[in-house]
There are 2 protein chains.
Amino acid sequence: MRKKMRDNTNESAVARLREAGLRPTRQRNELADLLFKEGNRHLTAETLHAEAVGKGIRVSLATVYNTLHQFTHAGLLRQVMVDATRSYFDTNTIEHHHFYYEDEGLLADIPGTEMVAVDNVPNAPAGTKVSRVDVVVRLKRD
Amino acid sequence: MRKKMRDNTNESAVARLREAGLRPTRQRNELADLLFKEGNRHLTAETLHAEAVGKGIRVSLATVYNTLHQFTHAGLLRQVMVDATRSYFDTNTIEHHHFYYEDEGLLADIPGTEMVAVDNVPNAPAGTKVSRVDVVVRLKRD
DNA sequence: ATAGCTGCAAATGCTTTGCAAGGCC
DNA sequence: GGCCTTGCAAAGCATTTGCAGCTAT
């Protein structure tokens, strides 16, 4: 009655993993579903783990960490640094920028973000190249 | 022969601390000297502690952490988030932006930084105001 | 079969904290 | 003197790692 493991698994997630050279295991498939099924998300390892467990997915926190890093290396996720204590991961890997709600510890895309422009960025110093440009607009309660 | 403790201490550091409502203790004076005597600096607690110890200043790492945070709250320092594992402090509290050398874990001001402009930043969402805008140009070895 | 994953628990690394001793006003 | 500060060591947290058992191919 449960011969196939992939029945309730999003095919695109599996394909995505294969392309990235990652074995589509149950945990990775299920996490990928959570991550990529609904628009852009911003989450921490704890957050994702809690959500997974809440939905009945059996996965350890260590695996969530591993998976997030593997996905990041594979280019499926982007890691955003806004808080000294937590690491945020963003499912939107296209160049874009963020609002960070300092009081809530919440990260969000800047709406219409393609309009934000950073001008006059100097050339990268000799021997280096720009890896990426991060813009974070920090917000606090009014 | 050592009645006065403030002999070799930078007067401006003491004044700075008094204005901030912080008692000018030996440790705070000496750390302030290291921090503010020579232009803009970017350092971590470890870095500063090592430097202090190297110069014969007796101070514990815990006090360095406390002092960095007190200075930050007093507006003498600014905390910059670029690395999930380390907290950087910047002695330049004026709005400006950074290069981050990912390979070396080194943070630096963007030269001529006043020329970098961030355009079309949307208004802060209702109930919030912009605390600050951080721009980090991440560099990697070529 | 076997190389790659997962989970647990222990380890790590940065940072914070409790509290007794010491310093500043 | 009284309150603030320091230092040490212990505690705290998020994250990583070692390794035995499990899984995808």
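In what follows, chains carry the letters A, B, and so on, assigned in the order in which the sequence lines appear, proteins first and then strands, with residues in each chain numbered from 1.
- Contact between the side-chain N/O atoms of A/Arg18 and the OP1/OP2 oxygens of D/dT25 is found at a separation under 4.0 Å.
- Residue whose closest nucleotide on DNA chain D sits further toward the 5' end, between A/Ala45 and B/Asn66: B/Asn66.
- With a 6.0 Å cutoff to the six-membered ring centre and a 45° limit on the axis angle, A/Arg16 counts as a cation-pi contact of A/Phe36.
- Between the P atom of C/dT6 and the CD1 atom of A/Ile57 lies a distance of 13 Å, rounded to the nearest Å.
- Counting only heavy atoms from C-beta on, A/Ala62 has its side chain closest to C/dA9 among C/dA9, C/dC25, C/dC5.
- Between the CG atom of B/Leu68 and the C1' atom of C/dT16 there is a distance of 13 Å, given to the nearest Å.
- Here the P atom of nucleotide D/dA14 and the CG atom of A/Asp83 are 10 Å apart, to the nearest Å.
- Across all strands shown, B/Ser87 has heavy atoms under 4.0 Å from sugar-phosphate atoms exclusively, and none from any base.
- The shortest distance between the side-chain N/O atoms of B/Thr44 and the OP1/OP2 oxygens of C/dC14 is not below 4.0 Å.
- Taking the centre of each ring, A/His69 and A/Phe89 come in below the 6.0 Å mark.
- Atom C1' of nucleotide C/dC14 and atom CG of B/Leu43 are separated by 16 Å, given to the nearest angstrom.
- The side chain of B/Arg28 has D/dT6 as its nearest neighbour among D/dT6, D/dA14, D/dT25.
- A donor-acceptor contact closer than 3.5 angstrom is absent between the side chains of A/Asp109 and A/His97.
- With rounding to whole Å, B/Gln70 atom CD is found 10 Å from D/dT6 atom C1'.
- Phosphate contact (OP1/OP2 of C/dT6, side-chain N/O of A/Thr25, threshold under 4.0 Å): present.
- Counting only heavy atoms from C-beta on, B/Ser60 has its side chain closest to D/dG7 among C/dT6, D/dT6, D/dG7.
- Nearest nucleotide to the side chain of A/Arg23, out of C/dC25, D/dA24, C/dG7: D/dA24.
- With C/dG4, D/dT16, D/dT6 as the choices, the nucleotide that has an atom nearest any side-chain atom of A/Tyr65 turns out to be D/dT16.
- Atom-to-atom, CD of A/Gln27 to P of C/dG4 comes out at 17 Å; the value is rounded to the nearest Å.
- For the pair A/Arg41 and A/Glu51, the salt-bridge criterion is met [side-chain N within less than 4.0 Å of a carboxylate O].
- The distance from atom CG of A/Leu31 to atom C1' of C/dG7 is 13 Å, rounded to the nearest whole Å.
- Under 4.0 angstrom from either OP1 or OP2 of C/dG7 there lies at least one side-chain N or O belonging to A/Thr63.
- Using a 4.0 Å cut-off, no side-chain N or O of A/Arg26 falls inside it from OP1 or OP2 of C/dT6.
- The side chain of A/His69 approaches D/dT16 more closely than any other nucleotide in the set D/dT16, D/dT6, D/dA24.
- Neither side chain, B/Thr67 nor B/Gln27, offers a donor N or O lying under 3.5 Å from an acceptor on the other.
- Along DNA chain C, the nucleotide nearest A/Leu61 and the nucleotide nearest B/Tyr88 are compared for position; the residue whose nucleotide lies closer to the 5' end is A/Leu61.
- You'll find the side chain of B/Val137 stays beyond 4.5 Å of the side chain of B/His98, heavy atoms only.
- Residue A/His49 is classed as having no contact, given no heavy-atom separation below 4.0 Å to the nucleic acid.
- Among the nucleotides D/dT5, D/dA24, C/dC14, the one closest to the side chain of B/Glu46 is C/dC14.
- Spacing between atom CE of A/Met81 and atom P of C/dC14 amounts to 15 Å, rounded to whole angstrom units.
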